[in-house]
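Written out below as structure tokens is the structure these notes cover.
Excluded from the calculations below are hydrogen atoms, water molecules and symmetry mates; all remaining heavy atoms, backbone and side chain alike, are included. All figures in this text were calculated on a predicted structure; none of them were measured in a lab.
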Amino acid sequence: MLHTETVTVIALIIAFASVGWAVFTVRRVKKQILEMTEALEDVRNGNGNRRILSEMHEIAAPIAYEINDIVLSYENRLSTYRQMEEANRQLMTSLSHDVRTPLTTLIGYLDAAHKGIVCGKEHDDYIETARRKAHDLKEYIDVLFDWFKLGSNEFTMNIAIVDLTELTRNILTCWIPIFEDTQMNFMIDIPEQPFRVQIDPDGYMRILNNLIQNVISHSHADKIEISLSEQDRNVKILLTDNGVGIEKEDLKHIFERLYKCDKGRSEKGSGLGLSIVHQLVTKMNGTITAESVTGQGTDFTMHFPLID
């Protein structure tokens, strides 16, 4: 009889303890739900740094951690959206200056020639100036379209296995007359052995063209060197100039969209060319880096994996 009473008492104690624990747990969960509700309301009002604190052993912990992850993801997306909004605002400002200004100048020269305001050699000079302005404008628009295409979900690349040595030779052949016309000393070192890589040929051509044009337009260099070599099962493309160089602080940002170096560099340009280069190289599983010494020049180095 005593044994039965003892068991009953123990059972009652356990029951009361279970009920107490259940009540405590329910209250704790309700408190956490209230905290979650307040946190989500805070996030909705713009406080993206709000987080829900919870111990790992608590029942609501998985939900709290999931909400924190969602809030963090939302804040990151919002930050990216704000950056894109600011970049687009800068782009529209740039468009206003870089398209309307040369277009107005171009029309002015053509109108003067058409109306007979200038004649003889001056007339020919006006036409030549208008022609150069038109080419500058086309170059800017081409770069702009390249950027928009890269940012589009519909952008695709025609990846193929190509001999990079032969492709590079063909691209540089078109640049030699320009080097000579601009009195740019050049040295090209491309080995006879083939370097097979998997890239988009048109994308690679755009990369090389942008880098060379960047040297001609902005570096104030009178010498350019371009070489290909093998390094650690990669093909290494090195483009070097002896121009004014890039300041250390600017060098950190040169691959960012719309970034223009302020010191020692020409203001001409869209600020998109090197950003396009970086994106194209990355999309083709390559890497690109830049090193520079002010007053001595700049090195751009690219690597693409070799195909056996």
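- Put simply, the side chain of Q183 does not reach to within 4.5 Å of the side chain of D222, judged on heavy atoms.
- Of all heavy-atom pairs spanning M184 and K223, the tightest one is SD-N, 3.4 Å.
- Atom CG of N285 is surrounded by 12 or fewer heavy atoms from other residues, nucleotides or ligands within 6.0 Å.
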Residue pair V281, F255: steps toward the side-chain contact (heavy atoms from CB on, under 4.5 Å) verdict: CA-CA 11 Å; V281 170; F255 294 120; over 6 Å; no
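- Rounded to the nearest 0.5 Å, atoms CD1 (I199) and NZ (K283) are 15.5 Å apart.
- Once rounded to the nearest 0.5 Å, the distance linking NZ of K248 with NZ of K252 reads 7.0 Å.
- Considering every non-hydrogen atom in both L172 and L208, the closest pair reads CD2-CD2, 4.1 Å.
- For the atom pair I224 CD1 and F186 CZ, the distance stands at 10.5 Å (nearest 0.5 Å).
- Going from atom OG of S275 over to atom NE2 of H253 covers 13.5 Å, rounded to the nearest 0.5 Å.
- Taking CD1 of I276 as the reference point, atom CD of Q279 lies at 7.5 Å (rounded to 0.5 Å).
- Linking ILVMFWY residues whenever their side-chain heavy atoms come closer than 4.5 Å, directly or via other members, leaves I307 and I190 in distinct clusters.
- Under the side chain to side chain contact (heavy atoms under 4.5 Å, CB included) test applied with E180, the options T182, I176, I178 reduce to a single match, I176.
- Between the SG atom in C119 and the OH atom in Y126 there is a gap of 11.0 Å [rounded to 0.5 Å].
- Hydrophobic clustering (ILVMFWY, side-chain heavy atoms < 4.5 Å, transitive): F179 and L238 are in distinct clusters.
- Between I246 and T294, the shortest heavy-atom contact is O-OG1, 3.8 Å.
- Closest non-hydrogen pair, L110 versus A130, comes out as CD2-CB, 3.7 Å.
- Contact of the V162 side chain with the V197 side chain is registered, since non-hydrogen atoms from C-beta on lie closer than 4.5 Å.
- The side-chain heavy atoms of W175 and Q213, taken from C-beta on, include a pair separated by under 4.5 Å.
- Taking a 6.0 Å sphere around CD of E291, one finds it holds 12 or fewer heavy atoms contributed by other residues, nucleotides or ligands.
- For F304, the CZ atom counts as densely surrounded, since its 6.0 Å shell holds more than 12 non-hydrogen atoms of other residues, nucleotides or ligands.
- Follow the hydrophobic side-chain contacts under 4.5 Å out from I207 and you reach I159 in the same cluster.
- Taking the side chain as every heavy atom from C-beta outward, I237 and T168 never approach each other to under 4.5 Å.
- One hydrophobic cluster holds both L306 and M284 under the rule that ILVMFWY side chains link at heavy-atom gaps under 4.5 Å.
- Counting only heavy atoms from C-beta outward, the side chains of E225 and D189 never approach each other to under 4.5 Å.
- The side-chain heavy atoms of I226 and I212, taken from C-beta on, include a pair separated by under 4.5 Å.
- Of all non-hydrogen atoms in E230 and F195, the two that sit nearest each other are N-CZ, 3.8 Å.
- The backbone N or O of T165 lies less than 3.5 Å from a partner atom in the side chain of D163, making a donor-acceptor pair.
- Contact between A221 and D241 at its shortest, heavy atoms only, is CB-CB, 3.9 Å.
- One hydrophobic cluster holds both L211 and M205 under the rule that ILVMFWY side chains link at heavy-atom gaps under 4.5 Å.
- Look at R206 and D202 and you find no salt bridge, because none of the NZ, NE, NH1 or NH2 atoms lies under 4.0 Å from a carboxylate O.
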